[in-house]
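To keep things clear, I will list the structure first and then write my remarks on it.
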Amino acid sequence: MRIRMFVPAIEEEEIEAVVRVLRSRWLVHGPEVEAFEKEFAEYIGTKYALAVSNGTVALTLILKALDIGPGDEVLVPDYTFIATATSVLMVGAKPVPVDVEWDTFNISIEDVLNKLSPRVKAIIAVHLFGHPADVKALKEIAEDRGIALIEDAAQAHGAEAYGKKVGSFGIATAFSFYATKNMTTGEGGIVTTDDRRIAERIALLRNHGQVARYVHEILGGNFRMTAIQAAIGRIQLRKLDRLNDARRRNASFLTQLLSNVEGLELPVEKSWAKHVYHLYAVKIRGIDRDCVRECMLRNGIEVGIHYPVPIHRQPLFQKLGYEECCPNAVELSKCELSLPVHPYLTKEDVEFVAQTLKQCIDRCRTQ
Ligand SMILES: Cc1ncc(COP(=O)(O)O)c(C=O)c1O
């Protein structure tokens, strides 16, 4: 493969940081994790940040901390990574799929209003592919109804809405540091919040509900982050803006090279948003998307489909009796294609991606 889809930006600095932690022999929690939490909270602009083992756990612990459970419903976009919806199942509540906006792939405000009911206790706004959901509109709805707005910013470290970083709008936000994300600790996650009660509950939940050594007040588990992960995260956080700038540069070059291709819809950036291009997601219309995908792969360019199956059509949710819904999500799952946009791409790489895509589209158009 000549051009990879994801390349984690791990360099000498991260390697040295890991060695430093290993030499310190302090492997879990402790000063490294505390420093990472402080720096991440400062970056996002929240009072608290709590490091946990991954983004799925971050979402689940937020729901737990909000006492969401059996009998409750949570609105989730139908077009997202499965963890957004399964974290709701994990706490015994019911995820209710909401359709998404065609242009941004993000949760539709109109369909949120359709799906609200007295059972709905929260909305999870996913900032999909690095473009913020309309958190201003969602916050107004949530405040109006007295329900919680939770952000899923697993794909959107450093993205901004209305001049503020995502992760600072909802009652709490989950971030993921999985290997492919805009910043990574291998596996890892963090919760940001301004709410002291939520921060305190998550601090307990992630560490066996322990209030003093071997004294356990509530049911928790082991969802801690290691010092090794935190040390990598601190370096990655320092590089994040630079890495995001490189993604934005690559994205804008792709957009310039791919404009006016018939059958191709390019990503948008709303006037109030700063997109951090975790993925550069295009829509292939009226041409066989899978033919284009295979053609790109044959030419040495890794591309992805995010996501081939919307939430309500996943076998898991079909078994639970979920009915047909969300026409935009269904259609997007058939036409989305993600192109490489990672920070290590050169100008020539981006040109090669764009040129190959045009050729593949032409070839598949005539088939
Ligand atoms: C939108 C979204 N939510 C949640 C997650 C879960 O994060 P993790 O893989 O760290 O558990 C991911 C990433 O994988 C994601 O993309």
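As the structure lists them, so they are numbered: ligands from 1, and atoms in each ligand from 1. The figures here come from the full heavy-atom set of this structure, side chains too, leaving out hydrogens, waters and symmetry mates. Treat the numbers as computed from the prediction; the structure is a model and nothing was measured.
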The residue among Arg224, Arg234, Arg206 that forms salt bridge (charged side-chain N to carboxylate O under 4.0 Å, His left out) with Glu37 is Arg206
What protein heavy atom sits nearest [atom], and how far off is it?
{"atom": "atom 4 (C) of ligand 1", "result": "Asp152 OD2, 3.6 Å"}
{"atom": "atom 13 (C) of ligand 1", "result": "Lys181 NZ, 2.8 Å"}
{"atom": "atom 15 (C) of ligand 1", "result": "Ala154 CB, 3.4 Å"}
{"atom": "atom 16 (O) of ligand 1", "result": "Gln155 NE2, 2.8 Å"}

Ligand 1 atoms nearer than 4.0 angstrom to some heavy atom of Val126 are 1 (C)
Near Thr56 (heavy-atom distance under 4.0 Å), the atoms of ligand 1 are 6 (C), 7 (O), 8 (P), 11 (O)
Fill in: Audit row: Lys347, Glu351, salt bridge (charged side-chain N to carboxylate O under 4.0 Å, His left out) steps and yes/no
CA-CA 6 Å; Lys347 193 162 177 276; Glu351 274 164 350; 3.8 Å; yes
Ion pair present between [X] and [Y], side-chain N to carboxylate O less than 4.0 angstrom?
{"X": "Glu200", "Y": "Arg196", "value": "yes"}
{"X": "Lys334", "Y": "Asp290", "value": "no"}
{"X": "Glu269", "Y": "Lys274", "value": "no"}

Residue Arg145 excluded, over 12 heavy atoms near CZ under 6.0 Å: no
### Query
Any N or O on Glu187 sitting closer than 3.5 Å to an N or O of ligand 1?
no
Among Phe81, Phe177, Tyr307, Tyr178, the residue with a heavy atom nearest to atom 5 (C) of ligand 1 is Phe81
Next item on the list: Measure from NZ or CZ of Lys283 to the centre of the six-membered ring of Phe105, then state whether that distance is under 6.0 Å and the direction lies within 45° of the axis.
Entry: yes
**Q.** Close approach of His278 to ligand 1, heavy atoms, under 4.0 angstrom
**A.** no
